[in-house]
Asker: 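I'd like to ask some things about the structure below.
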Amino acid sequence: MKRRGLFARTRVRRLPRAWRRPLAVVGVVVALAWVVIALAAPVLAPHDPLAQELPRLAPPGPGHWLGTDQLGRDILSRVMYGARVSIPLTLLLVVLSVLIGGLLGACAGYFGRWVDETIMRLADLVFAFPTVILAMVVAAALGASLGNAVLAVLVVAWPAYARVTRGLVLGVREREYVLSGRLLGFSAWRSLRVDVLPNVTGPILVLATLDIGTALLLLSGLSFLGLGARPPSPEWGAMVAAGVDVFDSWWVATFPGLAILTVVLAFNFLGDTLRDALDPRTARAIKERAL
Amino acid sequence: MRSPLARFLVRRIVTALLLAVGITLVTFVLTNLVPGDPVAANLGQRALGDPAIVAQWRADHGLDRPLPQQYLMHLGGLLHGDLGTSQQSHRPVLDDLAESVPATLELAGAAIVVSLILGVAFGVIAALRRDRLPDHVLRVVSLVGISVPTFWLALVAFYVFFFRLQITPGSGRIDPGMTPPPHFTGLYTVDSLLSGRWDAFASAVGHLAAPALVLALYTIGLLTRFTRSAVLEVLGQDYVRAARAKGLPRRVVLFRYVLRPALVPVITVAGLAFGSLLSGTVLVEAVFAWPGVGQYAYKSATTLDLPAVMGVGLVVGVVYLVINLVVDVLYGVVDPRVRVS
């Protein structure tokens, strides 16, 4: 009986309080919906996203629920296929930023001295520019393509992680268990991986979730400026840009923009919840440094 | 140099100067990464066929020298106020920027004023009504503010307020038929007031309203969230509870005991917010055809106009640096703890 009771208690354990809040639920549902749309776009989309059919610039109606653009392409299908372009690239971007920024920050914090100076001064240089300006200059310098836009956003995104990770590593570097590991002859790499890393992952995860929205905004912004996705790619930012020329046909720009808004909002709801779920004081400090 | 404040100021100014040199290095290195050949981008097909013309063009623009030498030439030019000549407009980059910087400063300045007033007010209200309806509403509003793509919002605002409702005037800084006010500061609103041209003032404010509000939405969201948490932290302090316990009126506690310490860190965030406003101008100016740095930057980047790109990166970087320096100094003056850290 006793065992059964224990078992039952673990089974009925409810989600942590923070995750039961309405915003968190909305965030999870919307984010999952977009992931499903991205995965199932070939099945869900009513038309080929690249097929050009008449009539052009048809308003939303029974044949084309969200209308067609100036080349007669179905906007609903393009928005759905756009999720396959924007969402994976944004996630890749954030993962790469975390890895690069985290590794550099950990090295800076752990090794100190000239390693620290070099990496952090490099980060300061990136912070000296407003993000879009630097991303735009980098994207322009590399040439207009979606891959280069990702690279440009990466250049401006890594220092936030480097700075936060460095701060966290500095905090744990002098702890007794790290020092005793070093005295036992652990290599720097092992010490970083085994003793330091588990202590810094939580706050970095919060920052990364909050950063997904920012990364998508920046990436689609570059595409909007013509420095990212090339036609006929159904990238959301580029689709909004196409709407600038025909803005009396409001549906061309409105729906891809709403797609960006809902994805960013969902991840910001999630990040906000995650931040509240972890230690609010640390989390707030992280957000401040990351701004 | 005994005073900690003087030491703090000197240290901050030296750091800023080093960063300024760094900015020149970054813009220079980045624009030299360009895989596209600036010669091909600027000379016609026939001129490209003639090696003598190509060599002459490269020599004229210093492109035949080694990179470090090109950088030193660039730096030397900067010290004499020479940012090079735009390969597109064939005018000095400094002149092009002198025309567009005031337009962007006017737009970003208006947006930061609106953001500070609304963001701080919303943040204070949300903190005081924590976990009640106003807090929930403001939380969603501020999250939407930081989540909405600025370029899309600009387009929606342009469509709704200009095209449909015809409340706001169209693109540009002033009505097309109207002569701009005489040049004092380059800010149309200020210049028209100084010259007493009320018609121009009304037109300039009308044109400024929509892009400034679109631009401000993000920073309003940012400042609301930050102010809320800053105020909440102070509200939990013992001295605030003590002030309430000894019977001080709510208003006195709020303004004297809570807002003063809570709003000090907001100064720093406002500086950072100004950076995101400068970023946002690139996206908003493109939609509203606002003749500022953002639009100039975009045009130069897409045409591989190297000196212009360098000029924009440099000027915006330095403006941002100066703002952050002012913010830090202000912070150091207001909060003595910062000076010694």
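In what follows, chains are A, B, ... by sequence order, proteins preceding strands, each numbered from 1. Just so you know, these numbers come straight off a predicted model, no measurement behind them.
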Asker: Please flag which part of A/Leu23 lies under 4.5 Å from any non-hydrogen atom of chain B: side chain, backbone, both or neither.
Answerer: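 The side chain, not the backbone.
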Asker: Would you sort out whether B/Thr24 and B/Tyr71 count as a side chain to side chain donor-acceptor pair (under 3.5 Å), showing the intermediate values?
Answerer: CA-CA 9 Å; B/Thr24 62; B/Tyr71 173 65; 2.8 Å; yes
Asker: Do you know which of A/Asp272, A/Val138, A/Val155, A/Val126 has the most heavy-atom pairs with chain B at a distance under 4.5 angstrom?
Answerer: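 Greatest number of close heavy-atom pairs with chain B: A/Asp272.
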Asker: Exactly one of B/Thr281, B/Val282, B/Thr150 should register a side chain to side chain contact (heavy atoms under 4.5 Å, CB included) with A/Val132. Which one does?
Answerer: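 Result for side chain to side chain contact (heavy atoms under 4.5 Å, CB included) with A/Val132: B/Val282.
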Asker: Heavy-atom distance under 4.5 Å to chain A: side chain of B/Leu155, backbone, both or neither?
Answerer: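 The answer is the side chain of B/Leu155.
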Asker: If we define contacts as heavy-atom pairs under 4.5 Å, which of B/Ala20, B/Pro149, B/Gly22, B/Gly275 has the most with chain A?
Answerer: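 Going by pairs under 4.5 Å, I would pick B/Pro149.
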Asker: Below 4.5 Å from any heavy atom of chain A, which atoms of B/Val156 appear? Answer side chain, backbone, both or neither.
Answerer: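 Neither; nothing under 4.5 Å.
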Asker: Which answer fits A/Phe224, side chain, backbone, both or neither, if we ask what part of it has an atom under 4.5 Å from a heavy atom of chain B?
Answerer: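 Contact with chain B: side chain only.
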Asker: Can the ring centres of A/Phe129 and B/Tyr320 be said to be less than 6.0 Å apart?
Answerer: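 When the ring centroids of A/Phe129 and B/Tyr320 are compared, they turn out to be at least 6.0 Å apart.
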Asker: Taking every heavy-atom pair that is under 4.5 Å apart, which of B/Leu19, B/Leu277, B/Val287 has the most such pairs with chain A?
Answerer: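 Winner by heavy-atom pair count: B/Leu19.
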Asker: Where does B/Val144 contact chain A at under 4.5 Å (heavy atoms): side chain, backbone, both or neither?
Answerer: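 Contact with chain A is through both the backbone and side chain of B/Val144.
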Asker: In sequence, state the C-alpha distance, the side-chain angles, and the governing distance for B/Glu285 and B/Thr104, and then conclude on side chain to side chain donor-acceptor pair (under 3.5 Å).
Answerer: CA-CA 9 Å; B/Glu285 285 179 5; B/Thr104 295; 2.7 Å; yes
Asker: Considering only heavy atoms, which portion of B/Val319 lies under 4.5 Å from any heavy atom of chain A: side chain, backbone, both, or neither?
Answerer: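 No part of B/Val319 comes within 4.5 Å of chain A.
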Asker: Go through A/Leu216, A/Val263, A/Leu134, A/Ile260 and name the one with the most non-hydrogen pairs under 4.5 angstrom from chain B.
Answerer: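 Between A/Leu216, A/Val263, A/Leu134, A/Ile260, the count favours A/Ile260.
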Asker: So if I apply the side chain to side chain contact (heavy atoms under 4.5 Å, CB included) rule between B/Val293 and each of B/Leu278, B/Leu105, B/Leu107, B/Val316, which one comes out positive?
Answerer: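 Checked B/Leu278, B/Leu105, B/Leu107, B/Val316 against B/Val293; only one passes side chain to side chain contact (heavy atoms under 4.5 Å, CB included): B/Val316.
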Asker: Pick whichever of A/Gly237, A/Ala266, A/Gly221, A/Gly257 has the most heavy-atom pairs under 4.5 Å with chain B.
Answerer: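 Ranked by heavy-atom pairs under 4.5 Å with chain B, first place is A/Gly257.
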Asker: Would you please test B/Thr219 and B/Ser115 for side chain to side chain donor-acceptor pair (under 3.5 Å) and show each step?
Answerer: CA-CA 6 Å; B/Thr219 33; B/Ser115 315; 2.8 Å; yes
Asker: Tell me if a side-chain donor or acceptor on A/Ser220 pairs with a main-chain N or O of A/Leu217 at a distance below 3.5 Å.
Answerer: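 A pair under 3.5 Å: yes.
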Asker: Decide salt bridge (charged side-chain N to carboxylate O under 4.0 Å, His left out) for A/Asp124 and A/Arg121; before the verdict, give the C-alpha distance in whole Å, the side-chain angles of both, and the deciding distance to 0.1 Å.
Answerer: CA-CA 5 Å; A/Asp124 284 347; A/Arg121 292 302 80 78; 3.0 Å; yes
Asker: For A/Leu258, is it the side chain, the backbone, both, or neither that has a heavy atom closer than 4.5 Å to a heavy atom of chain B?
Answerer: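 Interface part for A/Leu258: both.
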